[in-house]
There are 2 protein chains.
Amino acid sequence: MKKKIVRIKDIAEKAQTSKGTVDRVLHNRGRVADDVRERILAIIKELNYEPNLIAQSLKSQRAFNLAALIPDPSLDSYWEAPHNGLEKAEKELRQYGVHITKFIFNSHSEPSFIAKAKEVGREHPDGLLIAPIFYKEALPFFQEWAEMGIPYVLFNTQIEHVNPLCYIGQDSYRSGSLAAKILRFGLHSPGTVLVAHVNEDISNSAHLITKEEGFRDYFKGEQLEETFKVISKEINFPEEEGLDKQLDDLRKQYPDLAAVYVTNSKAFEVAAYLEKNALTDIKLVGYDLIGPNQQYLNKGVIDFLINQNPLGQGYWGIHQLANHLIFKKEIPAIKFLPLDIITKENLDYYLDPQ
Amino acid sequence: MKKKIVRIKDIAEKAQTSKGTVDRVLHNRGRVADDVRERILAIIKELNYEPNLIAQSLKSQRAFNLAALIPDPSLDSYWEAPHNGLEKAEKELRQYGVHITKFIFNSHSEPSFIAKAKEVGREHPDGLLIAPIFYKEALPFFQEWAEMGIPYVLFNTQIEHVNPLCYIGQDSYRSGSLAAKILRFGLHSPGTVLVAHVNEDISNSAHLITKEEGFRDYFKGEQLEETFKVISKEINFPEEEGLDKQLDDLRKQYPDLAAVYVTNSKAFEVAAYLEKNALTDIKLVGYDLIGPNQQYLNKGVIDFLINQNPLGQGYWGIHQLANHLIFKKEIPAIKFLPLDIITKENLDYYLDPQ
DNA sequence: TTTAAAAAAGTGTTCGAGCACGCAATCGAA
DNA sequence: TTCGATTGCGTGCTCGAACACTTTTTTAAA
């Protein structure tokens with residue numbers, strides 16, 4: 001049995017002309033007499049012609065060089081997953097001529113970001129995927145890339161006042177609310193709830209603030225402000241000892257500490273503290289399935305993790321670029337990834353995706 | 001810039017032979033001298049040749065008629081989602097010549113299933129996707145389809161002792177454990193926990209039993225048997241009034257009822273009862289994002305839903321068939337879908353997928 | 001040694017879209 | 001009316017794999 005597909009040739013025959021002419025109509029290329037053009041357009045509509053993407057991409061054998069500007073995974077293992085997502089997407093799209101060049105910067109060093117961002121401009125890629133964790137430093141480059149006509153997709157960190165092709169990541173506000181909902185479900189009696197920003201430059205990380213807002217607003221919205229006191233704290237410790245002391249102090253100040261919400265992937269640091277001090281009653285929710293977090297999840301020290309799906313962010317980021325560049329599809333300005341709730345029992349399914 | 005793709009012609013040139021010969025080696029067709037074959041195989045490996053799927057499917061313009069044997073969504077809205085998944089997959093794969101014929105049976109009537117299953121045989125599809133909710137009635141057909149060489153993929157209900165191309169769905173045991181974990185997190189004081197099988201012929205539904213096992217084993221494994229008494233009950237009500245009376249009786253017997261786990265998509269029935277009787281303290285977990293469940297989730301009567309991703313089941317089922325038939329990929333015997341935990345705060349992301 | 005059959009290897013067409021090229025008709029200016 | 005330029009339109013090659021078909025080589029029997 002054969003497929004019933006409408007081809008350019010079919011249209012040409014029905015319009016009593018040649019496929020070359022139909023082709024020119026389809027691509028607004030070259031010169032076609034008005035009456036012929038309209039006859040052809042009518043027939044295209046009538047037969048409901050859709051170009052055969054397969055034949056199309058077989059023919060147009062051009063290469064698409066995409067660039068990815070993302071942090072070094074060896075310095076923060078959170079970034080391993082996006083790398084994997086990139087590679088997965090590249091594998092799938094290699095058939096279509098997609099090649100990705102990675103520009104890897106140090107997530108703790110603004111100058112290294114700037115150096116790599118400059119390199120990207122010199123390469124003139126066809127598209128760019130970027131994790132803009134340095135807001136201020138990144139701004140001028142967005143301008144530059146826009147002028148060069150390089151479409152860029154942001155992921156991981158949402159940024160205002162720039163015009164990317166698309167943002168891919170989570171709705172930080174909702175994410176905070178979700179964390180609140182989960183913790184509240186496990187809280188039995190009144191107490192203090194801590195929002196912890198661990199080892200993060202909060203001034204350059206608007207999305208962490210947004211998470212905190214979502215978290216606080218959940219307790220407000222549910223009229224739980226009387227029952228639970230929400231406090232927040234930045235916990236930074238370049239040196240080893242720092243965290244324990246800071247949490248000790250905090251517990252002295254708030255002896256009824258009942259739950260901790262870590263706004264980034266550093267929940268394992270708090271988990272280590274809880275385990276060391278046998279604080280089994282303090283509920284703990286954090287982000288991301290990095291190794292240390294998984295261990296504490298399996299031990300039951302971390303109760304739930306919210307998966308930001310960093311692999312998916314890389315994967316979909318590349319796919320959005322491909323959809324735009326290769327398949328000429330409309331791209332939504334924002335693609336929110338699901339807020340996956342992870343626990344020991346369903347962890348497996350989120351580790352190796354699809 | 002051009003793509004660097006290894007073609008059959010490249011292999012032929014390097015092996016000092018013609019593309020026809022390489023083709024015969026690749027497809028184990030026709031006769032090739034042993035030394036030439038080995039030389040070619042070596043070069044294929046060396047150059048890391050991967051056939052160009054695009055060119056491949058452009059050439060082989062055959063149609064693939066797939067059949068889907070699934071219940072009528074107008075009788076049980078759970079089945080709407082698989083239908084949507086089917087259609088989504090068909091849309092994506094139409095370019096590759098995939099066409100799906102639906103054989104829709106009444107999920108409450110074995111004879112209707114048998115009639116439709118017979119029809120499938122007469123149609124001789126190239127592949128089959130089936131929701132085998134009638135275990136006993138389905139068995140002889142598996143035999144028949146196997147003899148006819150029709151590969152079939154099971155979804156929704158896992159069945160032993162048959163040899164499908166693949167099973168797609170959830171790990172029921174884990175699913176039960178996950179439900180237990182969630183409920184336990186929200187339980188503050190000792191009490192009774194009910195496993196409710198609502199309006200389901202339990203004798204034909206092994207997977208619900210498996211869910212219950214997983215649920216019970218969680219409490220056993222965590223040494224919580226003393227604290228929480230787990231009971232189970234089949235709740236059937238062909239007539240309207242039935243459910244209320246049965247739950248009233250149950251509450252008389254177990255006044256400390258603290259949580260209910262509904263093993264199928266009928267949590268909304270229990271939710272209606274809880275709401276009517278203002279039992280805000282009884283925790284409720286169920287399955288699936290059908291309309292009524294969503295409403296009670298948003299109201300807070302249902303605390304969490306576990307998403308069985310019925311849309312994904314249909315979608316991936318068709319894709320597995322396509323991977324097997326069109327792309328000749330290896331198919332894993334089981335594809336477990338994630339156990340997604342859904343709450344009011346992250347519901348949106350699971351409604352319209354990807 | 002010849003010859004037919006069988007095996008091995010090579011050639012050429014096809015799929016649908018893209019695009020370069022070239023032919024024919026029309027137009028305008030000298 | 002002749003020449004070049006412009007417009008309108010058709011032809012034919014290309015992409016990589018599949019497969020039918022043809023040609024060449026080998027093998028075995030006469």
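So that the names make sense, note that chain A is the first sequence line, chain B the second, and so on, each numbered from 1.
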Practice task
Among the candidates C/dG16, C/dG18, D/dA17, find the nucleotide nearest to the side-chain atoms of A/Arg7.
Solution key: C/dG16
Exercise for the section: Give A/Leu58 one of three labels, base, sugar-phosphate or nothing, depending on what nucleic acid heavy atoms sit under 4.0 Å from its own. Expected result: base
Problem - 5' precedence on DNA chain C between B/Asp35 and A/Leu53 (nearest-nucleotide basis) - result: B/Asp35
Problem - Phosphate-side-chain proximity, A/Ser57 and C/dA17, N/O vs OP1/OP2 below 4.0 Å - result: no
Handout entry: Selected nucleotide, minimal atom distance to B/Val32 side chain, candidates C/dA9, D/dA17, D/dC9
Key = C/dA9
Completion exercise
A/Arg39 CZ to D/dC9 P, in whole Å, measures 8 Å
Problem - Interatomic distance, A/Ile331 atom CD1 to A/His324 atom NE2 [nearest 0.5 angstrom] - result: 7.0 Å
Exercise for the section: Kindly indicate whether the side chain of B/Lys59 and the base of C/dG16 share any N or O donor-acceptor pair separated by less than 3.5 Å? Expected result: no
Fill in the blank from the handout: Contacts of B/Ala55 and B/Gln16 projected onto DNA chain C by closest heavy atom; the upstream (5') one is B/Gln16
Completion exercise
In whole angstroms, the gap separating P of C/dG18 from CD1 of A/Ile326 amounts to 14 Å
Practice task
Using only heavy-atom distances, determine whether the side chains of A/Glu92 and A/His319 contain a donor-acceptor pair under 3.5 Å.
Solution key: yes
Practice task
For A/Lys19, report the nucleic acid contact type (base, sugar-phosphate, nothing); a contact means any heavy atom under 4.0 Å.
Solution key: base
Exercise for the section: State whether a side-chain donor-acceptor pair under 3.5 Å links A/Asn156 with A/Tyr167. Expected result: no
Problem - Derivation of the ring-ring contact (aromatic ring centres under 6.0 Å, His included) call for B/Tyr152 and B/Phe142 - result: CA-CA 8 Å; B/Tyr152 55 91; B/Phe142 292 125; 5.0 Å; yes
Exercise for the section: Select one nucleotide: of D/dA17, D/dA18, C/dA17, the one nearest the side-chain heavy atoms of A/Tyr49. Expected result: C/dA17
Exercise for the section: Using whole Å, report how far CD1 of A/Ile44 lies from P of C/dA17. Expected result: 11 Å
Exercise for the section: Please determine, for the side chain of A/Ala33, which listed nucleotide (D/dG8, C/dA8, D/dA17) has the closest atom? Expected result: D/dG8
Exercise for the section: Would you classify B/Arg24 as touching base, sugar-phosphate or nothing, given that sugar-phosphate means primed atoms plus P, OP1 and OP2, and contacts are heavy atoms under 4.0 Å? Expected result: base
Problem - Touch class at under 4.0 angstrom, heavy-atom based, for A/Arg31 against every strand present - result: base
Fill in the blank from the handout: note: B/Asp23, atom CG; D/dC21, atom P; distance rounded to Å ~ 15 Å
Exercise for the section: Examine C/dG10: is either OP1 or OP2 under 4.0 Å from a nitrogen or oxygen in the side chain of B/Ser18? Give yes or no. Expected result: yes
Handout entry: A/Tyr349-A/Asp340 side chain donor-acceptor pair, cut-off 3.5 Å
Key = no
